[in-house]
There are 2 protein chains.
Amino acid sequence: MFVTGHTRSGSSADLPQGQQKAASIRDVAQAAGVSYQTVSRVINGHPNVREETRKRVQEAITVLGFRRNATAFALASGVNRSITVLTSNTLLHGYAATLQGLEEASRAAGHTLGVRVLTFEDDLDRTIASAADTGGGLVVIGFDRLGAAALDRVPAHVPCAAVVEAPPPGSSPGLPAVWADDREAARAATAHLLALGHDTVHYVAIPASTGSRRSVGPRAEGRRQALESAGVAVPEPSGKGWDAQAGYEAGKKLARNPEATAILCGNDDLALGVLRALHHAGRRVPEDVSVIGFDDAPHSAYVTPSLTTVRMDFQGLGRAAFGLLRTRLDPDQQAPAVLPAAPALILRESAGPRRT
Amino acid sequence: MFVTGHTRSGSSADLPQGQQKAASIRDVAQAAGVSYQTVSRVINGHPNVREETRKRVQEAITVLGFRRNATAFALASGVNRSITVLTSNTLLHGYAATLQGLEEASRAAGHTLGVRVLTFEDDLDRTIASAADTGGGLVVIGFDRLGAAALDRVPAHVPCAAVVEAPPPGSSPGLPAVWADDREAARAATAHLLALGHDTVHYVAIPASTGSRRSVGPRAEGRRQALESAGVAVPEPSGKGWDAQAGYEAGKKLARNPEATAILCGNDDLALGVLRALHHAGRRVPEDVSVIGFDDAPHSAYVTPSLTTVRMDFQGLGRAAFGLLRTRLDPDQQAPAVLPAAPALILRESAGPRRT
DNA sequence: GCGAGGATTGTGAGCGGTCACAACGCGGGC
DNA sequence: GCCCGCGTTGTGACCGCTCACAATCCTCGC
């Protein structure tokens, strides 16, 4: 790989200037010849203000370019329309799309959205506390180990909603949470491959969100259940990572196994890597091997072969999580609470019937 | 395309509870038998507090679970460590990666990061004003029309930095801004294709960030310059969108043109669509047609053929933008201001020598 | 033994808004 | 003609914290 670049990066200068303090409610009051309280009434649309007074105040407001100080408002009124999302990742499709749904919903509701990335270096409790200090609510994306850990440590008194993987049947997270039934989706995807005539379905896993040995995550779980109820062998899952590189590594091994004719992947990036490894090994997809991904990332429809995958409504998940948080934040706010769409298997080119 | 899904989405209940107001500085003071000011001194690490007093206060703090109210702090002290990013998109690679760099840098500096998506429906001025009301600084991602428009309307008194496309030589944005030299990068990519023996280089464009007819964006510009200085024909750019779908449409047309043996794309998504269209038309890449993308999205290395592309240091751009804003926010803060890496042409499989 | 000066602590005011309540002017019903 | 009640406006206190300054305590040097 050769790298070239007759290029540069640049930046323009910044311009200093004589800042002058923003006008306050009292400045406006003085300019309009009324008390500050009257100004407050005007900016809050209080009914009992004489029309003429209101006009005078309005005028002063525009002349002075007054804007109500959001910080002071929050302090005095106690209402805080800001929420912050805690997530370990912002780039992977599932996370980014969830974030987008969250942003959309909070914007629609007039809330402000903050993002704080979780890392292993930072102290989790400290991070959570400082996020909670902003005063608004919290949304935790618990798709992975770090997010799930954060979830466990959110103090009970801070308003928080979570978006998580499907919890084990029967159990439910200790917090308000939303999830999609990816367990069932994995089951359906696996059943689909079985129905296509494959002997069994191999699995390239995304990392588990829990540290416990017991749970390997709903996707792995769903695939296992489907295989077991079909009475076929359950090959050990492989994979150690989220990205295409990890998929490639796992794919290389699977490519050497002539028995492996059907592979389910924990996400589309992994699937992409698997596809590539298979290609390098000379195994054709879907003629020799079928591959199914997960998440339906935007590019999955455009790779060749296009990727059969499970579409997940991450944006809907984000919106739903916001809805949950909102009802927690102000309980009289009875939002319609639109549920996210159910996962759906999208049939494309990468999975096909077994050819002996 | 068939869609299936024996699945559901669920959500757990939320738990009510007897909130009790958080402890204030005065509560702590009372508990420790000191004045509130002494508590303030302790939490701010002021030196002149007797050791024993400090200990007593600290104890009261942990007992009461005191956390300094961030809103009140911001109001009283006037320091506001929060910045908000204005962007029209959060999912496209360039945006998402820039956002990530921004988050990383602001987190490292102890700032809070907000994200506000710009839409055509919302009133731009109102959006900007409300973002500015949060008190901190603004960062505008001006890669597209909407972002660039927002940039123009940011009032001079609000601290703001921007990340933009490379401005025309000589000119520079009216605000502190960072950019990468994608004009030069496009020139280099084009020159590379020419050097491979192609007669000329077609271009599938991303939408321009400016409304004016004159400017079509630095990437288009750089490719045009390279072609002109080589004295070859300059085919009209195509493309009307950012995504693979748009690339596919443009690619379909180009595939019908046997003269088109080299295609530069405004981003990797477009390139992916072009690749797919070419594939459908039976034109092989790189044997029949060479394709080069832009941005080096994470999956570009793993599609087949892997995509030759221009790597852009978006995260570095984000970090640099934050640095700019930071110096604007508190001028004594002389950050090292690490410049982003220059764009680099990454040679992979999708571009090769002209055959025949 | 006493005053100077630094360390330590407390008080008042204010950041920019909100809330609760009091005060004012006015017209209508008796 | 007086009182009531409403619409309108102003005042005081406060949200939780910081700043500036004043008050107190202590210790040291002469």
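Protein chains get the first letters and strands the later ones, always in sequence-line order, with residue 1 at the start of each.
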Visitor: Scan for salt bridge (Lys or Arg N to Asp or Glu O under 4.0 Å) pairs involving residues 96-106 of chain A, sequence neighbours excluded, and state none if there are none.
Guide: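 Of all non-adjacent pairs touching residues 96-106 of chain A, those that pass salt bridge (Lys or Arg N to Asp or Glu O under 4.0 Å) are A:E103-A:R107, A:E104-A:R319.
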Visitor: So what does A:T53 hit on the nucleic acid, given a heavy-atom distance under 4.0 Å: a base, only sugar-phosphate, or nothing?
Guide: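 Here A:T53 touches the backbone only, sparing every base.
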Visitor: If the helix axis at each end comes from five base pairs, how far does the helix from C:dG1-D:dC30 to C:dC30-D:dG1 deviate from straight, to 10°?
Guide: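 Taking the rotation axis at each end, their angle is 60°.
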Visitor: With the side chain counted from C-beta on, respond yes when B:T84 and B:V115 share a heavy-atom pair under 4.5 Å apart, and no when they do not.
Guide: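 They are not in side-chain contact.
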Visitor: DNA chain D: A:P47 or B:S77, which has the more 5' nearest nucleotide?
Guide: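 Whichever sits nearer the 5' end wins; that is A:P47.
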Visitor: Check the distance between C:dT8's C1' and B:R56's CZ and give it to me in whole angstrom.
Guide: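 Checked: the CZ to C1' distance equals 12 Å.
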Visitor: Distance from A:N69 atom CG to B:D133 atom CG, nearest 0.5 Å?
Guide: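 Interatomic distance, A:N69 CG to B:D133 CG, rounded to 0.5 Å: 8.0 Å.
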Visitor: Listing time: all N or O pairs from protein to nucleotides 21-27 of chain C that are below 3.5 Å?
Guide:
none

Visitor: Specify the closest pair of heavy atoms between B:P159 and B:G136, including all atoms of both residues, with the distance to one decimal.
Guide: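 Heavy atoms of B:P159 and B:G136 come nearest at CG-O, 4.2 Å.
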Visitor: In whole Å, I'd like the distance from the CG atom of A:N44 to the P atom of C:dG16.
Guide: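 Value for this atom pair: 17 Å.
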Visitor: Do A:N80 and A:S82 have a side chain donor and acceptor closer than 3.5 Å?
Guide: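 Their side chains do contain a donor-acceptor pair, which is all the 3.5 Å distance test asks for.
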Visitor: If we ignore angles and hydrogens, is there a donor and acceptor under 3.5 Å between the side chains of A:T119 and A:D122?
Guide: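 Present: a donor and an acceptor within the cut-off.
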Visitor: With a 4.5 Å limit on heavy-atom distance, are the side chains of A:L325 and A:L329 in contact?
Guide: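 They are in contact (side-chain heavy atoms under 4.5 Å apart), so the answer is yes.
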Visitor: Which of residues 59-69 of chain A sit near DNA chain C, with a heavy atom under 4.0 Å from it?
Guide: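 Contacting residues: A:F66, A:R67, A:R68, A:N69.
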Visitor: Side-chain atoms of residues 95-102 of chain B: list all donor-acceptor pairs with protein atoms under 3.5 Å, sequence neighbours left out, distances to 0.1 Å.
Guide:
from   : atom 1 : to     : atom 2 : distance (Å)
B:Y95  : OH     : B:D144 : OD2    : 2.4
B:T98  : OG1    : B:G94  : O      : 2.6
B:Q100 : OE1    : B:Q315 : NE2    : 3.0

Visitor: If you check every side-chain atom of B:S35, which of C:dG17, C:dT11, C:dG14 has the closest atom?
Guide: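 Taking heavy atoms from C-beta onward, the closest nucleotide is C:dT11.
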Visitor: Enumerate the residue pairs fulfilling ring pair (Phe, Tyr, Trp, His ring centres under 6.0 Å) with a member in residues 99-128 of chain B, sequence neighbours excluded, ordered by first and then second residue.
Guide: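 As it turns out, the ring pair (Phe, Tyr, Trp, His ring centres under 6.0 Å) pairs with a partner in residues 99-128 of chain B, which skip direct neighbours, are B:H111-B:F322.
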Visitor: Using only atom types and a distance under 3.5 Å, with no angle test, would you say the side chain of A:R81 pairs donor to acceptor with the backbone of A:A109?
Guide: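 Yes, the answer is positive, given that a donor and an acceptor are paired below the 3.5 Å cut-off.
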Visitor: Given that A:A76 and B:H46 both sit by DNA chain C, which one's nearest nucleotide is further toward the 5' end?
Guide: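 Residue closer to the 5' terminus by nearest nucleotide: B:H46.
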Visitor: Within residues 125-133 of chain B, which residues have any heavy atom lying less than 4.0 Å from an atom of DNA chain D?
Guide: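 When residues 125-133 of chain B is checked for heavy atoms under 4.0 Å from DNA chain D, there are no hits whatsoever.
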Visitor: In whole angstroms, how far is the P atom of C:dG10 from the CZ atom of B:R26?
Guide: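 About 13 Å, once rounded to whole Å.
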Visitor: Do A:L118 and A:T87 have side-chain heavy atoms sitting under 4.5 Å apart?
Guide: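 No - every pair of side-chain heavy atoms lies 4.5 Å or more apart.
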Visitor: Extract, from 5' to 3' on DNA chain D, the first and final nucleotides lying under 4.0 angstrom from some heavy atom of chain B.
Guide: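 First-to-last contact on DNA chain D, by the 4.0 Å heavy-atom rule, is D:dG16 to D:dA20.
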Visitor: Keeping to residues at least two apart or across chains, list the ring pair (Phe, Tyr, Trp, His ring centres under 6.0 Å) pairs with something in residues 31-57 of chain A.
Guide: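 Listed once each, the pairs would be none.
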Visitor: On DNA chain C, does the nearest nucleotide to B:E51 precede the nearest nucleotide to A:F73 from the 5' side, or the other way round? Give the residue.
Guide: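 Nearer the 5' end of the strand: B:E51.
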Visitor: What residue pairs, at least two apart or across chains, pass salt bridge (Lys or Arg N to Asp or Glu O under 4.0 Å) with a residue in residues 150-159 of chain B?
Guide: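 Sorted pair list: B:D125-B:R153.
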Visitor: Return the nearest nucleotide to the side chain of A:K21; candidates are C:dT18, C:dT9, C:dC15.
Guide: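 Comparing C:dT18, C:dT9, C:dC15 against the side chain of A:K21, the answer is C:dC15.
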Visitor: To the closest 0.5 Å, what do you measure between CG (A:L175) and CG (A:L138)?
Guide: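 These two atoms lie 10.0 Å from each other.
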Visitor: Tell me which nucleotide among C:dT18, C:dC15, C:dG17 gets nearest to the side chain of A:Y36.
Guide: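 The listed nucleotide nearest to A:Y36's side chain is C:dT18.
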Visitor: Sequence neighbours excluded, which residues qualify as side chain to side chain contact (heavy atoms under 4.5 Å, CB included) partners of A:E51?
Guide: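 With neighbours one apart ignored, the set is A:R54, A:K55.
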Visitor: Which pairs with one or both residues in residues 24-36 of chain B pass salt bridge (Lys or Arg N to Asp or Glu O under 4.0 Å), sequence neighbours excluded?
Guide: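 For residues 24-36 of chain B: none.
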Visitor: I'd like to check A:R56 versus A:V34 (side-chain heavy atoms, cut-off strictly below 4.5 Å). Are they in contact?
Guide: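 Contact flag for A:R56/A:V34 side chains = yes.
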Visitor: For a quick test of reading the model: is some side-chain N or O of B:N48 closer than 4.0 Å to OP1 or OP2 of C:dT9?
Guide: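 Checking C:dT9 against B:N48, no side-chain N or O comes under 4.0 Å of OP1 or OP2.
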Visitor: Send over the distance from A:I43 CD1 to C:dC19 P, rounded to a whole Å.
Guide: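 Between P of C:dC19 and CD1 of A:I43: 11 Å.
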